[in-house]
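Remarks on the structure that follows.
Proteins come first, then strands; the chains are lettered A, B, ... in the order of their sequence lines, and each starts at number 1. Just so you know, these numbers come straight off a predicted model, no measurement behind them.
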Amino acid sequence: MSLKIYNTLSGQKEDFVPVKENNVNIYVCGPTVYDYSHIGHARSVVVFDTVVRYFRFIGYNVTYVRNFTDVDDKIIKRANESKMTSEEVSLKFIDEFTKDMTALNALKPDYEPKATEHINEIVELVQDLIEKGYAYEVEGDVYFRVEKFKDYGKLSGRSLEDMKAGARIEIDERKESPFDFALWKSAKPGEPYWETPFGKGRPGWHIECSAMSSKYLGQSFDIHGGGKDLIFPHHENEIAQSEAAHGTSFANYWMHNGFVRIDHEKMSKSLNNFLTIKDTLKSWHPEVVRFFLLSKHYRSPIDFTDDSLKEAETSLDRIYSLFERTGEIKSDSKNQEHSKFWNEFMEAMNDDFNTAKAIGTIFEGVREANRIIDSGENLEKAHSIADEIVKMGNCLGILLLSADDYFRGKPSKGGEKISPEEIEALIEERKTARKNKDFKRADEIRDNLAQMGVVLEDKPDKTIWKFA
RNA sequence: GGCGGCAUAGCCAAGUGGUAAGGCAGAGGCCUGCAAAGCCUUUAUUCCUCAGUUCGAAUCUGAGUGCCGCCUCCA
C-alpha cells in the first residue's frame, strides 16, 4: 500500500518515494513572530503535525524542521510601537506560539531554527549566489536575478511573461527586473543589522529558509510544506535561490494547506478577521479544535464558525462516550488482527492524508463497537475496536486522554463554577432520592446541574457526570 | 488584467468513470421512573446550469453561473 501525496509542483498526486529509504526530511515554514498566532496558523501546524505523526506511525524516520522568522519589518515595527527590542518581541511571541502549539498537541519539531541564529549561513549563500551571477548588489541591498533562473515560476505555474502582462508592480529603478527580490536588505537607521561584505543589513525573507533547510536537511530533501499563500512568491523564490546556488533539485514534494475562513473569507491579520488560538482555546477543548481542523481535507478551505466547532465537539464527545462504555482504555497492542476499519483508515491516510475520510471510518468503528456492546456479546471485540480507534486518533493527535479527563477538561459553558466534590455529593443525594422514588427531587438535582453545564448519565450500576 | 481553486441532502463533509461514506440536525421505534447516552429504521432517483464523450458520469470534455485565493505582508 503506497502513500500518495499531492505535489504542488506537478499538480497531481504522486507516490511518495523518499530520498533515503525509510527516512523523511521535512521542512515547514513557521510563523513570523510579531503577534499571537491565529487559527490559520494552527491549521498549518496541525496539518503538518499530523503528516509527521503518520509518517512516524508507519515506520519512517522523520526529521522535522520548522523555522521561526525572527527578523522582519513587522517585528521591527512592533518593537518600535511597544518600546521593546526586536529580539524581545520575537522571543515573546516564540514563547506564545510554543504554548499554543503544545496546547494543540503539536509535536515539537526536531529543529526550530531562527533566522537570526543563521546569519553566517545566509551570508554565505548570498555570496555564493553573487559569485555564480544569480545575484547583484545595489547600494547595500542584494537582489536575486530572476531572469537568469530559467525555471522561475515552475511551482506557482506562472511565467515571467504572464507576470509582466498582468502585474502592476512598483518599479524600482535600481532593480534589473521588477520581479527581482531581495536576498539582503541594507539597514535603515534604528534597524537591527549584521556586518557583512555587502554592508550593514539583514536577510530578506526568503533566503533564511533556503539556508536553514539545507543546513538541517541537505540540499535535496523530501517535503517542503506551508500555507497556500506561500506558494508565490515565497516558495517560488526559495526554489530559485536554492537550486541556483546548489545546482540540485530542492524539495521533491511541495505540500500546501488551504486557508481557514471566516464569513467565507480568508482569515488573516490584514483583514482583521482572525481569532487567536489562545482565545479559541478558552471556549473549546484543544482536541475539539484539532478535530475541527482535520475534519476537512487539508487542501480545501475550511470555514470557522461557532456551529462547526460545536459540531466537532459533539462528534468528539461521541467517540469519547464509547470509551466511557469500554472502560479504561488499554492502548497496548496485543498483536491482534486489524479490523476492516483499521484498513480503511490507513487507506484514507495513504491517499494524500485524507483525514476527513479517515475520521469517517473512525465513526463506523464507533457504531460497530456500540452495537456490539448493546448486544451484550463479544465485549472483547468491542474493546479491541475501541483500542484501534484510540490508535487511529493518536495518528491524528487526538483521543490522547481518558474519557473522564476529556469530558471534565472541557472549558465550562455554564456560568457558575461547581467542584467535583459538590457534584459527587449531589449525585449521592439524587441516588438516595431515586431509591425512595422521590423523582421530583432527583430531577430537580439533575436540572440544577444541567444549568451549570453538568450532564448526568445513569448507568446500570452508577451515575456518571461530564461537562456539556 | 494574469494565474489557480471550489460548487455533493436543512447544515458540515468523503467520493474523481460502475450506480451517493461519515458526522450534526429532523422523524419513528427500542432502552429508561423520566431523561441522557447507545442501538434500529428513516431523511439526495441525485451531485450549480446547459451541451457533449461513453454501454455507463457527481466523477471526463466544452460553455455558462456563483464563490474563493495568489499576483503586496500573510499559515
Under 3.5 Å, side chain of A:Asp438 to main-chain N/O of A:Arg441, donor-acceptor pair present?
yes
Nucleotide opposite B:G17 in a Watson-Crick or G-U pair, distances under 3.5 Å:
none
Is there a donor and acceptor pair closer than 3.5 Å between the side chain of A:Asn354 and the base of B:G15?
no
Any donor and acceptor pair, going by atom type alone, linking the side chain of A:His41 with main-chain N or O of A:His38 inside 3.5 Å?
yes
Any-strand Watson-Crick or G-U partner of B:C60, both distances under 3.5 Å
B:G52
Do the side-chain N or O atoms of A:Lys266 get closer than 4.0 angstrom to the phosphate oxygens (OP1, OP2) of B:C70?
yes
Each nucleotide of nucleotides 22-27 of chain B classed B (base within 4.0 Å of a protein heavy atom), S (only sugar-phosphate) or -, in 5' to 3' order, makes SBS---
When both distances are under 3.5 Å in a Watson-Crick or G-U wobble arrangement, the nucleotide paired with B:A36 is none
Any base atoms under 4.0 Å from A:Arg371, or only sugar-phosphate, or nothing? Heavy atoms, all strands.
sugar-phosphate
Find out whether the Lys NZ or Arg CZ of A:Lys269 is both under 6.0 angstrom from the six-membered ring centre of A:Phe274 and within 45° of the ring's axis.
yes
Does some side-chain heavy atom of A:Arg66 sit less than 4.5 Å from a side-chain heavy atom of A:Tyr27?
no
Contact class for A:Gly258 (heavy atom, under 4.0 Å): base, sugar-phosphate, or nothing?
base
Please determine, for B:G1, whether a Watson-Crick or G-U wobble partner exists with both distances under 3.5 Å, and give it or none.
B:C71
In Watson-Crick or G-U wobble terms, both distances under 3.5 Å, what is the partner of B:C47?
none
Nearest-Å distance, CD1 (A:Ile302) to P (B:C6)?
17 Å
Distance-only donor-acceptor test, A:Arg43 side-chain atoms vs B:A75 base atoms, 3.5 Å:
no
Is a donor-acceptor pair below 3.5 Å formed from side chain A:Arg261 to base B:C68, judging by atom type as modelled?
no
Side-chain contact, heavy-atom cut-off 4.5 Å: A:Leu91 with A:Asp95?
no
Could you check whether A:Leu456 gets within reach of a base, just the sugar-phosphate, or nothing at all, counting any heavy atom under 4.0 Å?
base
For B:G66, which nucleotide is its Watson-Crick or G-U wobble mate, given both distances must be under 3.5 Å?
B:C6
When you measure from the side chain of A:His264, which nucleotide among B:C68, B:C39, B:G33 comes out closest?
B:C68
Which listed nucleotide (B:C39, B:A75, B:A37) is nearest to the side chain of A:Asp374?
B:C39
Donor-acceptor under 3.5 Å (A:Lys296 side chain, A:Pro301 main chain)
yes
For A:Lys13 and for A:Lys269, locate the closest nucleotide of RNA chain B by heavy-atom distance; then report the residue assigned to the nucleotide nearer the 5' terminus.
A:Lys13
Taken to the nearest whole Å, CG/A:Asp447 to C1'/B:C34 is 10 Å
Got a donor-acceptor contact below 3.5 angstrom from the A:Thr50 side chain to the A:Val46 backbone?
yes
Where the side chain of A:Lys296 is defined as all heavy atoms beyond and including C-beta, which of B:C70, B:A13, B:A37 is the nearest nucleotide?
B:A13
Base, sugar-phosphate, or nothing for A:Gly226, non-hydrogen atoms under 4.0 angstrom?
sugar-phosphate
Distance test, side-chain N/O of A:Asn370 to OP1/OP2 of B:C39, below 4.0 Å
yes
Is the shortest heavy-atom distance from the side chain of A:Ile207 to the side chain of A:Gln241 under 4.5 Å?
yes
Is any N or O donor-acceptor pair between the side chain of A:Arg434 and the base of B:G33 shorter than 3.5 Å?
yes
Scan every strand shown for a Watson-Crick or G-U wobble partner of B:U42, both distances under 3.5 Å, and answer none if you come up empty.
B:G26
The residue, A:Arg325 or A:His41, whose nearest nucleotide of RNA chain B is more 5′ is A:Arg325
Give a yes or no on whether a salt bridge exists between A:Lys310 and A:Asp317, defined as a side-chain N under 4.0 angstrom from a carboxylate O.
no
For A:His235 and B:C3, what is the distance between atoms NE2 and C1' respectively, to the nearest whole Å?
18 Å
